[in-house]
There are 2 protein chains.
Amino acid sequence: MTEPALPRAERRRRTERRILDAARDLFAERGFERTTIRAVAAAAEVDPALVMQYFGNKRRLFAEAVRVAGPPDSAAGPEEAVEQLLGTLGVKMRLPPASLAMLRSMLTHPEAAATAREALSRQVGQVGASLSGENAPLRAALMTMILLGVTVGHQLLELDELREAPHDDLVAALRPALRALAEPAL
Amino acid sequence: MTEPALPRAERRRRTERRILDAARDLFAERGFERTTIRAVAAAAEVDPALVMQYFGNKRRLFAEAVRVAGPPDSAAGPEEAVEQLLGTLGVKMRLPPASLAMLRSMLTHPEAAATAREALSRQVGQVGASLSGENAPLRAALMTMILLGVTVGHQLLELDELREAPHDDLVAALRPALRALAEPAL
DNA sequence: TCGTTGAGTCAACGCCTGTTGAGCGAAATG
DNA sequence: CATTTCGCTCAACAGGCGTTGACTCAACGA
């Protein structure tokens, strides 16, 4: 009936991970404001006070839960930039919950907005560095925003027109649009 | 010192409009959850109870505040669809507060999400009808999402790379990308 | 002029939130 | 075995929220 009584350190690690996983999922689903500490605690099968003890406050819990490794730096030509961006759509359009949580909250939670701005700016800079021609930063920003828009529409708003299309069709349709921005004006 | 004592009907209309304007601005700035009835009332220089008396509850206040006329129906060729979409960026990129309020809340407030989905789907359908070739609905959806992404990045996240660029450059850079989606595969 | 209407205020309600401090009981330590 | 450590729970707090009902008083209609 009872568990095999794990060592303390291991037990703590598992609990912390359970809380973090629950928090990530809830933040991804409802956003920062509508996710309560109590709901996270319940999902992790833990007392709300324990969540506070582990993470101090709700903002820090969010920050820990959405911490995600940025894409590897790589700057080559415009072609590679396009493919790199298309790659951010994720395998079969399934983004990690941490990213979804960030996206979901970036318009309403100020700290999420700041983090998102930073991450997006880094990507813009990276893409921009691999472009030549006029207005490279602007074009890089537009390319990044295109993927933001598509991701939001697909993952968060769940628009039928995007969900019904096969992933490959979507990528194939999007590629020429990105190329049009990546290539120096013809 | 005192006002010229307006007639009741007129007075009511003005107060209602003051509340609605304040609500729109706050919803646009902070989103649904972080905007309180009390803050709206304070901005409109009115008692919170009056807001309730006029609009019943917070959800209805939001619904009234963001009610906005959809773009005029018009479907012609792919060229016109592109220009129509580019037009939604607004004169000098200044969108009406009602639209900003919708956009700001669409990822976290379920009713805003539903309304946004509906409005976007209508636009997708409209754009799609003016496209020919394969995957017209998908391509129309992508075109719409492109504008969503650019608008979010510019108006809500306020990315420097987009804010610094002249409006005309932005439109000009975006046009070929949209054309690539609008034109039947070459 | 006098009763009625209705715009607007006041004070409070119940609820839910993030957050805290005291305490329990099992694992670790000697 | 005795003691300390610490993962975890319990019960509660203060504050802010949406919302309500009773009330005030100036504009209105007869």
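All values below come from the heavy atoms of this structure, side chains included, with hydrogens, waters and symmetry mates left out. These figures come from a predicted structure and were not determined experimentally. So that the names make sense, note that chain A is the first sequence line, chain B the second, and so on, each numbered from 1.
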Is the distance from OP1 or OP2 of [N] to the nearest side-chain N or O of [X] less than 4.0 Å?
{"X": "A:Thr36", "N": "C:dC16", "result": "no"}
{"X": "A:Arg11", "N": "C:dA26", "result": "no"}
{"X": "B:Arg12", "N": "C:dA7", "result": "yes"}

Next item on the list: Return yes if some donor-acceptor pair links the side-chain N/O of A:Arg34 with the main-chain N/O of B:His109 below 3.5 Å, else return no.
Entry: no

Next item on the list: Taking A:Ser99 for its side chain and A:Leu95 for its backbone only, find out whether a donor-acceptor pair lies under 3.5 Å.
Entry: no

For [X] and [N], give me the distance from atom [atom1] to atom [atom2], rounded to whole Å.
{"X": "B:Asp47", "N": "D:dG21", "atom1": "CG", "atom2": "P", "result": "15 Å"}
{"X": "B:Phe55", "N": "D:dT20", "atom1": "CZ", "atom2": "P", "result": "16 Å"}
{"X": "B:Lys58", "N": "D:dC17", "atom1": "NZ", "atom2": "P", "result": "9 Å"}
{"X": "A:Arg14", "N": "D:dC8", "atom1": "CZ", "atom2": "C1'", "result": "17 Å"}
{"X": "B:Glu10", "N": "D:dC28", "atom1": "CD", "atom2": "P", "result": "12 Å"}
{"X": "B:Glu45", "N": "C:dT9", "atom1": "CD", "atom2": "P", "result": "10 Å"}
{"X": "B:Arg60", "N": "D:dG18", "atom1": "CZ", "atom2": "C1'", "result": "14 Å"}
{"X": "A:Met52", "N": "C:dT17", "atom1": "CE", "atom2": "P", "result": "14 Å"}

Checklist line | Atom CD of A:Glu45: over 12 foreign heavy atoms under 6.0 Å | finding: no

Notebook entry, point to check: For the residue pair A:Phe27 and A:Phe62, does the interplanar ring angle fall in the parallel (under 30°), tilted (30 to 60°) or perpendicular (over 60°) class?
Noted result: perpendicular

Next item on the list: Return the 5'-most residue of the pair A:Ile37, B:Ala49 with respect to DNA chain C, ranking by each residue's nearest nucleotide.
Entry: B:Ala49

Next item on the list: Name the nucleic acid region contacted by B:Tyr54, choosing base, sugar-phosphate or nothing; use a 4.0 angstrom heavy-atom cut-off, strictly under.
Entry: sugar-phosphate

Margin query: Students often get this wrong, so: under 4.0 angstrom with heavy atoms, is A:Arg8 touching a base, only sugar-phosphate, or nothing?
Written below: base

Next item on the list: Check whether the side chain of B:Arg38 and the base of D:dG16 form a donor-acceptor pair under 3.5 Å.
Entry: no

Notebook entry, point to check: Hey, which of these two, B:Gln53 or B:Ala9, hits DNA chain D nearer its 5' end, going by closest nucleotide?
Noted result: B:Gln53

Notebook entry, point to check: If you measure from the Lys or Arg side-chain nitrogens to the Asp or Glu carboxylate oxygens, is any gap between B:Arg67 and B:Glu64 under 4.0 Å?
Noted result: yes

